[in-house]
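See below for the structure under consideration.
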Amino acid sequence: MSVPATNVLSDVLSEWMKTMFESTFTDVKYDFSQITVVPTGDSQFGEFQCNNAMAMAKDLKKSPRQIAQSVVEGIDLHESVEKVEVAGPGFINIYLKTKWMSSALTEMAGRDDLCVPRIGHGHTVVIDYSSPNVAKPMHIGHIRSTIIGNSIDRMHRFLGYKVISDNHIGDWGTQFGIIIMGYRHLLDKVALESSPIEELERIYVASYEKGKADEEWMDKCRAELVKLQAGDVENMQLWRQFVELSLGEFERIYKRLGVSFDHVRGESYYRDRLGDVVAELKERGLATESEGAIVVFLDDEKLPACIVRKSDGGYNYATSDLATVESRVAAYSPEKIIYVTDERQQLHFRQIFAICRKMGVRVELHHVWFGLMRLPDATFSTREGNVIKLEKLLDEAERRSLAIVKESSPNMPEEQQKAVARSVGIGAVKYADLSQNPQSLVTFTWDKALALDGNSGPYLQYAYARIASVQDKYAERFPNSNIKKYPIELIEPVERDLAVKLLQFPETVLRATLSYKPSSVAEYLYDLAKTYSTFYQNVPFLKAEPGVRESRVRLCSVVAKVLRKGLELLGIETPDRI
RNA sequence: ACCCCGGUAGCUCAGUUGGAUAGAGCAUCGGAUUUCUAAUCCGGCGGUCGCAGGUUCGAAUCCUGCCCGGGGUGCCA
């Protein structure tokens, strides 16, 4: 009577149902591997259902109900299953044994992995995320890669993968030619002293604008870049200054967000290998000269040609990314490399991946992309000046939550109020981003990004804090109780709902990780917290009779464990009081 | 012109990869606190799932065409 450590519930039941179909239709040729069991949408139909009888009907030329009926009649019930029923056109509904659920929950409560299979054990993945550009402040458009990437990072680690997180900052691109020209001719030294990053951004934008209208200026920018890339002493010194200033600023934000990286290797880290990459491509006959540039044609893949060396001799992003793949493969032998960027880079990565395949690179390459952040009335753009700085967003989030903490917990020490406001504010911002499908178009609104009620980060944190409080009160009132002596009993329907939800945690995490979708975890946690809130509001536990009381407090603690772990996977903190 | 994505309630978004009566939050209307934290709970209102065909037992989900919006398409990243 236990949840297998290497298999999640849906899989176990699917395997069982498959065997049942096979033993019912021994003389029938059919691909039984497609038989699966999925959670029901409605508890009146049991906890799981199998829909394959309907699909089989035309192949077997029998009525779907008849097929379902034959399977059910001869069925050998799985240890976890109370009963199965045929319903509607031919659904097979599966009802779990309450007692089995109780013991499965008890086992889950006792395990640090919460019965999530460690499928990543022995596998290495590199995750490349956040990757801001030097000399540009992080605005709200940059937050998605950081938060989604960090969550994917956390999920992989939890599944046992060895994760190497790498912040591939943009520290070696064309922008440096533009910035150096701006620095030489447009700099306001006083402004650089007082707010360096803003001044760097200003000269970048000003220089870029100038270059758009003035071809000669742009040529000079390119020339400065070539000088830098050739190792010119003066330009190198400027470059180092820009990078250091920016890294300090990024670090401050990462600290607030609770994000850290194993490596921060910018594009510059690979700069000495760019020539070798191009040479190798030429050697293999993959790259050829065209209009003065060196390009890789990808006609076979139906992709546009990819330039790996510009006609002025400079290298670009593609070359750098190819060198990065080679370097990572040589250094870590990863099973896969995951990139988390916005949607604009889809074509770029398709080209890079295609070239890697042509070069015989073994590693699995995966691009996780997300939609650009937009404003309700306009497209987001640095040059339009309608950006919202990331720090401003975080400040506002903490400010709004502090106001609520002060109102709802006036007796809390001020230091704690501030700490809570920080956790809750940052949690709200992260949850707002993680709870939507990454590929949707995202429209930024303050009220959505900073939602503190309803489907929000604080809602989940609140549910957790309530449980922490219940546990403290229980320990206070019944100091000598040995709560583990009492079994978890699922009496009320809402308790059963909670149990079903909890038992779905492993498969939710597994699926979310394999599909790179933290939003699935967020959705699951909201569902769980909502069910818990109903339970909390409508069922007494500290005031329930002995035995029932202990059972319910134990159930609460399983919910707390899952909420805490789930939120941790999203990078959201769980204070005991909010 | 071509490629990728999106279009679901007044607004912001989910939708377990084709399942049973399409769901949340916000807003709005009504109710719940001498009780375990009201950042909560219970209920009402709200829908031609962009449009038109098609595939099948069954479609928001798959295929085709069109409309609208976003992004991209050899010397930016």
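Quick caveat, the model's predicted, so the values are computed rather than measured. By convention in this document, chain letters (A, B, ...) are assigned in the order of the sequence lines, proteins followed by strands, and residues within each chain are numbered from 1.
A:Glu267 comes within 4.0 angstrom of sugar-phosphate atoms only, judged by non-hydrogen atoms across all strands, and of no base. A:Val553 comes within 4.0 angstrom of no nucleic acid atom, judged by non-hydrogen atoms across all strands. When heavy atoms are screened at a 4.0 angstrom cut-off, A:Ala57 is found touching no nucleic acid atom at all. Nucleic acid contact for A:Gly173: sugar-phosphate only, since backbone atoms but no base atoms lie under 4.0 Å from a heavy atom of the residue. Residue A:Gln345 is classed as a base contact, given a heavy-atom separation below 4.0 Å to a base. Within 4.0 Å of A:Ala55, counting heavy atoms only, lies at least one base atom of the nucleic acid. Within 4.0 Å (heavy atoms only), A:Asn93 reaches at least one base atom of the nucleic acid. Among the protein residues, A:Asn538 comes within range of the sugar-phosphate backbone only, with heavy atoms under 4.0 Å from sugar or phosphate atoms but none that close to a base. Nucleic acid contact for A:Glu291: base, since at least one base atom lies under 4.0 Å from a heavy atom of the residue. Here A:Asp576 lies in heavy-atom contact (under 4.0 Å) with a base. Residue A:Ile578 is classed as a base contact, given a heavy-atom separation below 4.0 Å to a base. Here A:Val470 lies in heavy-atom contact (under 4.0 Å) with sugar-phosphate atoms only. When heavy atoms are screened at a 4.0 angstrom cut-off, A:Gln439 is found touching the sugar-phosphate backbone but no base atom. Looking at heavy-atom distances under 4.0 Å, A:Val494 makes no contact with the nucleic acid at all.
In terms of modelled atom types and a separation under 3.5 Å, the side chain of A:Ser320 and the main chain of A:Asn316 share no donor-acceptor contact. Under the 3.5 Å distance criterion, the side-chain polar atoms of A:Asp171 are matched with a main-chain donor or acceptor of A:Glu267. Judged by distance alone, the side chain of A:Ser435 and the main-chain N or O of A:Ser519 form no donor-acceptor pair under 3.5 Å. Panel note: side chain A:Gln175, backbone A:Gly170; a donor-acceptor pair is recorded below 3.5 Å.
The phosphate of B:rU37 (OP1 or OP2) has a side-chain N or O of A:Lys473 nearer than 4.0 angstrom. The side chain of A:Ser469 contributes no N or O atom lying less than 4.0 Å from OP1 or OP2 of B:rC36. Contact between the side-chain N/O atoms of A:Ser320 and the OP1/OP2 oxygens of B:rA77 is not found at any separation under 4.0 Å. Residue A:Lys530 has no polar side-chain atom (N or O) positioned under 4.0 Å from OP1 or OP2 of B:rA24. Contact between the side-chain N/O atoms of A:Tyr462 and the OP1/OP2 oxygens of B:rC41 is not found at any separation under 4.0 Å. Side-chain nitrogen and oxygen atoms of A:Arg466 include at least one within less than 4.0 Å of the OP1 or OP2 phosphate oxygen of B:rA38. At B:rC76, one or more side-chain N or O atoms of A:Lys310 fall inside 4.0 Å of OP1 or OP2 (strictly under the cut-off). In this structure, A:Thr443 reaches the B:rC13 phosphate: one of its side-chain N or O atoms is under 4.0 Å from OP1 or OP2.
Taking atom NE2 of residue A:His367 and atom P of nucleotide B:rC5, one finds them 13 Å apart after rounding to whole Å. We find that CD1 of A:Ile404 is positioned 15 Å from P of B:rA38, with the value rounded to whole Å. As rounded to whole Å, 13 Å separates atom C1' of B:rC76 from atom CD1 of A:Ile179. The CG atom of A:Asn51 sits 12 Å away from the C1' atom of B:rC57 (whole-angstrom rounding). At whole-Å resolution of the value, CZ in A:Phe478 and C1' in B:rC36 are 11 Å apart. A:Leu460 places its CG atom 13 Å from the C1' atom of B:rU40, with the value rounded to the nearest Å. Between A:Phe444 atom CZ and B:rC26 atom P the separation is 19 Å, expressed in whole Å.
Between A:Ser440 and A:Tyr526, the residue anchored nearer the 5' end of RNA chain B, judged by the nucleotide with its closest heavy atom, is A:Ser440. Residues A:Arg350 and A:Asp453 both approach RNA chain B. Their nearest nucleotides, taken by heavy-atom distance, put A:Arg350 toward the 5′ side.
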Pair A:Lys418, A:Glu398 - check salt bridge (charged side-chain N to carboxylate O under 4.0 Å, His left out), show working. CA-CA 8 Å; A:Lys418 281 185 181 162; A:Glu398 293 184 21; over 6 Å; no
Please determine whether side chain to side chain donor-acceptor pair (under 3.5 Å) holds for the pair A:Asp321 and A:His348, giving the CA-CA distance in whole Å, both sets of side-chain angles, and the decisive distance to 0.1 Å. CA-CA 10 Å; A:Asp321 263 352; A:His348 165 74; 2.8 Å; yes
How far apart are the C-alpha atoms of A:Arg400 and A:Glu396, what are their side-chain angles, what is the distance that settles it, and do they pass the salt bridge (charged side-chain N to carboxylate O under 4.0 Å, His left out) test? CA-CA 6 Å; A:Arg400 289 193 192 190; A:Glu396 180 66 11; 3.0 Å; yes
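In secondary-structure terms, RNA chain B builds stems of at least 3 consecutive Watson-Crick or G-U pairs, each pair having both distances under 3.5 Å, at B:1-7 with B:67-73, B:10-13 with B:23-26, B:28-32 with B:40-44, B:50-54 with B:62-66.
Among the nucleotides B:rC4, B:rA14, B:rU40, the one closest to any side-chain atom of A:Gln537 is B:rU40. In this structure, of B:rU12, B:rA39, B:rU40, it is B:rA39 that holds the atom nearest to the side chain of A:Leu452. Listed candidates were B:rG15, B:rG71, B:rC36. Nearest to the side chain of A:Arg344 is B:rG71. Relative to the side chain of A:Thr534, the nucleotides B:rU73, B:rC36, B:rC42 differ in distance, and B:rC42 lies closest. You'll find that the side chain of A:Arg577 is closest to B:rU37, out of B:rG19, B:rU17, B:rU37.
Stacking between A:Phe45 and the base of B:rA20 is present: ring centres sit under 5.5 Å apart and the planes differ by under 30 degrees. The aromatic ring of A:Phe91 is stacked on the base of B:rA20, with the two ring centres less than 5.5 Å apart and the planes inclined by under 30°.
Under the 90° criterion around 0 for the glycosidic angle, B:rU16 counts as anti.
On a pure distance criterion of 3.5 Å, a polar donor-acceptor pair joins the side chain of A:Gln49 and the base of B:rA20. Counting atom types as modelled, A:Ser311 pairs a side-chain N or O with a base atom of B:rC75 as donor and acceptor under 3.5 Å.
Counting only residues at least two apart or in different chains, salt bridge (charged side-chain N to carboxylate O under 4.0 Å, His left out) contacts with residues 518-538 of chain A comprise A:Lys501-A:Asp527.
Here A:Leu514 contributes atom CG and A:Glu507 contributes atom CD; the two are 12.5 Å apart, rounded to the nearest 0.5 Å.
In summary, the side chains of A:Tyr474 and A:Ser481 do present a donor paired with an acceptor at a separation below 3.5 Å, with no hydrogens or angles considered.
B:rU40 and B:rU56 have their P atoms separated by 48 Å, given to the nearest Å.
Ring orientation note: the planes of A:Phe353 and A:His367 are nearly perpendicular, at an angle over 60° on the 30°/60° scale.
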